[in-house]
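What you see is a predicted model; the values in this text were computed from it and never measured. Numbers restart at 1 for each chain; the letters A, B, ... are given by sequence-line order, proteins then strands.
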Amino acid sequence: MDYLQPLSPLWGTRLHMALELAATLAFALSGVIEAARKRLDVVGVAVVAFAAAFGGGTLRDLLLDYRPFFWVAHIEFLWSVVALCAAAMLFMRQQHLHPTERAILWPDAIGLGLFTAIGVDRALAMGQPALVAVMMGVITSVFGGVLRDVLCNEVPRALSDHRPYALWAFAGGWLHCVLLTLAGLPPWLALTLTVVATAGLRLVSVYRDWQLPSWHD
Amino acid sequence: MDYLQPLSPLWGTRLHMALELAATLAFALSGVIEAARKRLDVVGVAVVAFAAAFGGGTLRDLLLDYRPFFWVAHIEFLWSVVALCAAAMLFMRQQHLHPTERAILWPDAIGLGLFTAIGVDRALAMGQPALVAVMMGVITSVFGGVLRDVLCNEVPRALSDHRPYALWAFAGGWLHCVLLTLAGLPPWLALTLTVVATAGLRLVSVYRDWQLPSWHD
Amino acid sequence: MDYLQPLSPLWGTRLHMALELAATLAFALSGVIEAARKRLDVVGVAVVAFAAAFGGGTLRDLLLDYRPFFWVAHIEFLWSVVALCAAAMLFMRQQHLHPTERAILWPDAIGLGLFTAIGVDRALAMGQPALVAVMMGVITSVFGGVLRDVLCNEVPRALSDHRPYALWAFAGGWLHCVLLTLAGLPPWLALTLTVVATAGLRLVSVYRDWQLPSWHD
């Protein structure tokens with residue numbers, strides 16, 4: 001997000017990039033874990049990791065007709081996921097990956113907030129209405145996980161888990177819209193508040209085990 | 001379809017819009033019903049409803065490189081599906097949804113014909129060959145349901161149901177091509193005839209329980 | 001690939017086209033076989049055949065924002081798959097399709113190499129970095145099969161089969177990049193070498209039953 005450079009002495013482009021990279025790797029790692037659990041081969045692990053990490057942003061950019069994709073503009077993200085897959089393959093015979101599921105909870109929650117805010121930003125910057133921008137935020141943060149689960153032949157967890165996930169992206173997207181347009185906050189401040197609120201709600205709802213209402217058929 | 005405005009004293013833009021909205025809501029409702037049956041949570045129900053309602057038109061516009069998407073140009077459609085999901089959630093603990101499956105048969109059949117004709121129209125207007133236009137018609141009317149079933153981890157019903165559905169979209173697409181280009185009918189008349197023929201064939205094949213031949217392996 | 005015409009006295013546009021058609025039909029036939037095995041109806045068989053044959057190239061062109069799609073520019077490919085589906089339906093009650101699985105091994109392997117090389121070519125011609133070009137090659141040759149398996153509600157075979165397939169596309173893509181850019185070979189020669197190497201590796205790994213390492217959870 002180039003517009004952040006002059007505006008964010010506090011948040012800072014480097015911190016922003018580091019967080020985005022951490023979130024991307026967390027999403028990729030969730031793909032590695034799920035693919036390994038389904039006993040896919042090394043190619044399957046890599047494909048599912050890429051789909052989880054880049055699926056959401058790619059679908060958003062496809063729908064918004066925005067090029068180049070962020071993984072073309074920042075090809076170091078692509079190489080990072082390649083490196084992650086290579087590292088995962090080295091560990092693959094030696095180590096159980098269950099403990100890492102806890103470990104990705106925090107970067108995953110930060111990624112949820114960050115990707116939502118980035119998606120909303122991009123859609124608003126391209127002149128989309130607020131509802132469309134919020135949907136783009138949700139798609140950015142959620143579609144990677146949906147694609148990961150579809151490739152692994154599972155009902156997507158984001159749709160069936162009963163723990164709120166996409167819901168916080170939806171709420172965070174509206175918050176970001178309001179902060180940016182109605183409240184007129186500077187972008188870096190709106191981004192920070194959105195990420196803190198969305199990631200915070202996600203973490204609280206996991207630790208307190210909040211449940212979405214289910215449908216009694 | 002703006003070109004209809006001066007041409008259709010009979011069919012009329014308002015009737016056309018009302019039918020398109022009814023069809024979109026019927027597709028969304030089919031998503032709600034299937035998601036509820038698979039015990040997805042409220043977020044899953046909403047996502048599957050959106051995918052069913054807007055998946056076909058979105059893929060068509062992506063493939064044709066046509067922007068803005070119809071749900072950006074007519075954002076009231078998006079809000080209508082949001083309202084439908086909200087309403088469905090209110091009913092969700094109180095009522096069984098089985099009777100509604102019959103209720104969506106008619107709008108679903110009209111949507112099949114209408115979305116096919118709209119897809120063919122758009123592709124022909126963009127100078128695509130007839131076979132491509134017919135495929136766009138089929139994609140518009142069928143892909144939403146396919147996406148709905150893939151998200152719910154089912155073999156798509158349109159592909160395995162053995163009751164003709166996509167086949168009528170295919171036939172209706174060719175009919176629409178012939179009426180528009182060879183017969184040179186005015187758009188509103190071609191649209192009306194295509195919708196009546198496609199929806200009629202679909203309804204007859206449901207009520208008479210026509211079966212597609214199956215493959216003996 | 002128009003640029004091949006003046007450059008390839010040896011390989012030749014006609015041979016190239018014939019091979020590409022054979023590969024497309026082999027991919028379509030793999031869709032027919034899988035759809036028949038899952039007892040889809042005739043519409044499902046046709047849809048899965050189209051998805052298998054054109055899914056990879058379509059996703060590549062969508063991601064690269066390249067229009068018209070190759071199946072719009074070469075609509076005879078689309079008609080060929082229509083004809084293949086029609087022919088398959090005639091045989092559908094009379095004949096078992098198991099022997100054909102062996103029969104598509106060769107065109108499928110050639111398609112793997114050819115589609116990889118074509119994908120890399122197109123991405124490089126549009127100025128993409130090498131890693132992105134290789135990914136486009138892999139997507140071109142692999143995504144059709146992934147889509148086929150997702151539609152049939154299976155874990156994609158390319159991800160779980162443990163026999164190297166996408167891996168050879170990945171390796172062949174890098175080979176093609178190196179031959180074209182570093183070695184500076186003429187396109188037709190690079191294409192020939194890539195196809196021979198990729199298809200050869202695929203065939204050897206099937207006949208010798210090479211296995212990818214699996215993940216011990």
Side-chain angles (χ1 to χ4, degrees), chain B residues 38 56 58-67 112 123-124 126-136 138-139 141-143 145-171 173-174 202 205 210-217, chain C residues 31-51 54-55 58-59 61-83 85 88-98 146-155:
Chain B
K38 295 285 286 189
T58 303
L59 180 60
R60 175 202 62 210
D61 287 354
L62 263 183
L63 292 176
L64 291 175
D65 208 6
Y66 181 95
R67 307 296 157 94
L112 181 72
L124 286 179
M126 295 180 76
Q128 301 289 342
L131 177 59
V132 172
V134 171
M135 282 182 50
M136 291 298 146
V138 174
I139 284 173
S141 53
V142 174
F143 182 72
V146 169
L147 197 58
R148 175 198 66 204
D149 296 347
V150 167
L151 285 177
C152 289
N153 201 17
E154 301 272 359
V155 176
R157 215 180 308 156
L159 309 184
S160 61
D161 185 46
H162 291 269
R163 286 190 303 184
Y165 185 86
L167 195 67
W168 298 137
F170 191 73
W174 280 112
R202 170 64 184 163
S205 63
W210 288 350
Q211 298 273 323
L212 288 173
S214 68
W215 193 299
H216 299 278
D217 192 26
Chain C
V32 168
I33 292 171
E34 176 147 346
R37 203 176 277 154
K38 296 285 285 188
R39 310 220 154 264
L40 301 192
D41 55 38
V42 287
V43 170
V45 168
V47 169
V48 173
F50 273 90
F54 299 115
T58 303
L59 180 60
D61 287 354
L62 263 184
L63 292 177
L64 290 174
D65 209 7
Y66 181 96
R67 308 297 158 94
F69 292 119
F70 72 107
W71 43 267
V72 174
H74 294 283
I75 201 170
E76 64 272 19
F77 276 59
L78 221 49
W79 281 112
S80 303
V81 173
V82 169
C85 290
M89 279 162 208
L90 292 179
F91 281 95
M92 116 189 199
R93 285 160 186 278
Q94 304 164 17
Q95 203 172 333
H96 291 268
L97 277 167
H98 290 298
V146 169
L147 196 59
R148 175 197 67 206
D149 296 345
V150 166
L151 285 176
C152 289
N153 201 17
E154 300 273 357
V155 175

query: Between L64(B), V155(B), D149(B), which has the largest tally of heavy atom pairs under 4.5 Å with chain C?
result: V155(B)
message: Checking F50(C) against V81(C) for the side-chain contact (heavy atoms from CB on, under 4.5 Å) test, could you report, in this order, the C-alpha distance in whole Å, the side-chain angles of both residues, the deciding distance, and whether it holds?
response: CA-CA 7 Å; F50(C) 273 90; V81(C) 173; 4.0 Å; yes
message: Please check this pair: side chain of R67(C) against backbone of L63(B), looking for a donor-acceptor N/O pair closer than 3.5 Å.
response: yes
message: Counting only non-hydrogen atoms closer than 4.5 Å, does D61(C) touch chain B with its backbone (N, CA, C, O), its side chain (CB onward), both, or neither?
response: neither
query: Of the backbone (N, CA, C, O) and the side chain (C-beta and beyond), which part of V150(B) lies under 4.5 Å from a heavy atom of chain C, both, or neither?
result: side chain
query: Mind checking whether F69(C) and W71(C) have parallel, tilted or perpendicular rings, split at 30° and 60°?
result: parallel
- prompt: In terms of heavy-atom pairs under 4.5 Å with chain C, which of D161(B), L167(B), L62(B), V142(B) leads?
  reply: L62(B)
message: What part of L78(C) gets within 4.5 angstrom of chain B, counting heavy atoms only: side chain, backbone, both, or neither?
response: both
Under 3.5 Å: donor-acceptor pair, side chain of R202(B), backbone of P164(B): yes
- prompt: What class does the angle between the rings of F70(C) and F77(C) fall in, given that below 30° is parallel, 30 to 60° is tilted and above 60° is perpendicular?
  reply: perpendicular
field: Part of Q211(B) within contact of chain C (heavy atom distance under 4.5 Å)
entry: neither
field: Engaged part of V146(B) at the chain C interface, taking heavy atoms whose separation is under 4.5 Å
entry: side chain
query: V138(B) pairs by side-chain contact (heavy atoms from CB on, under 4.5 Å) with which of F143(B), F170(B), W168(B)?
result: F170(B)
